[in-house]
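Notes for the one structure printed next.
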Amino acid sequence: MEVIIVKDYEEASQKACEIMLNVVKNNPTANLGLATGSTPIRLYELMREDHKKNGTSYKDIKSFNLDEYFGLDQSHPQSYHYFMCHNLFNELDIDMNNVHVPKGNGNIDEECKAYNQLLEDNPIDIQLLGIGSNGHIGFNEPGTPFDSVTHKVDLKQSTIEDNARLFFNGKIEDVPTQAVSMGIANIMKAKKVLLIASGEGKAKAIQATVEGPKTTDVPASALQDHPDCILVVDEAAASLLKNK
Ligand code: F6R
């Protein structure tokens, strides 16, 4: 695990953008594993700006998102599909046929099976991750086995509260209690992993991920075994690390 400590959210987003663009420029047919949530919003803005200014092309790029809320249609403004379109895809030249976000409705077992097959057929070149304050990656909550693949999950109360704070206009009762998520084994298969963490709310999770034991209690600690994993962490999120 390589840990890069930067000053703040802006610097973390700039650094992450540099790493993402490097992959896209070196491999115009790269498969990108993408995340939602508040953390990558500025990174996505920087990618849109770069596309506009420098013409970096996504026309042969494929994308695969980590997760989706269960029960929300793609057109729901809080769905992750909607989030991705509005924060990134709508302003890139990506072919929407190459965009993949797990479906949160329909026959979920079939959807999960199909998504796993899709990931088998399209190995991810770089997987972007945020991290939950409880150490989750994707929606793999504490206790999820490291050999898990795309599956339906029950969200922990802390995740529902975190997500209500930032989205759903603060209305906890509107946050779905379940989601569909790539599993930890899917994430570990990516050739490169890039995790961004910002703010002191992530400090405990980052300390446990980097310096704690590898344990399913902290899903992100599985990344200790990944051969090419970069953590871009701002000073607040790095504040509890003992070895800086
Ligand atoms: C989102 C995802 C989640 C978030 C995590 C952090 O696709 O998979 O693991 O990355 O919950 O969320 P934020 O960035 O809102 O703090």
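Counting convention: from 1, in listed order, for ligands and their atoms alike. This chain uses plain numbering: 1 for the first residue, then up along the sequence. Computed from a predicted structure; not experimentally measured.
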- Message: Hydrogens and angles aside, do Asn54 and Thr56 bring a side-chain donor and acceptor to less than 3.5 Å of each other?
- Response: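 Thr56 and Asn54 do not have a side-chain donor-acceptor pair below 3.5 Å.
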
- Message: I'd like to know if the side chain of Gln117 pairs up with that of Asp121 as donor and acceptor (distance under 3.5 Å, no hydrogens or angles considered).
- Response: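 Looking only at side-chain atoms, Asp121 and Gln117 do form a donor-acceptor pair, the distance falling under 3.5 Å.
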
- Might you work through the ring pair (Phe, Tyr, Trp, His ring centres under 6.0 Å) test for Phe70 and Phe139, ending with a clear yes or no? CA-CA 11 Å; Phe70 179 69; Phe139 270 140; over 10 Å; no

- Applying a heavy-atom distance cut-off of 4.0 Å, which protein residues contact ligand 1?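 Residues Ala35, Thr36, Gly37, Ser38, Thr39, Leu66, Asp67, Gly130, Ile131, Gly132, His136, Gly138, Leu166, Lys202 each place a heavy atom under 4.0 Å from ligand 1, listed by chain and number.
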
- Item | Residue pair Cys112, Val180: steps toward the side chain to side chain contact (heavy atoms under 4.5 Å, CB included) verdict | CA-CA 8 Å; Cys112 291; Val180 175; 4.0 Å; yes

- Ile61 reachable from Val99 in the ILVMFWY side-chain graph, under 4.5 Å edges: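 Yes.
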
- Checking Thr209 side chain against Ala205 main chain: does a donor-acceptor pair fall under 3.5 Å?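 At least one qualifying donor-acceptor pair exists.
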
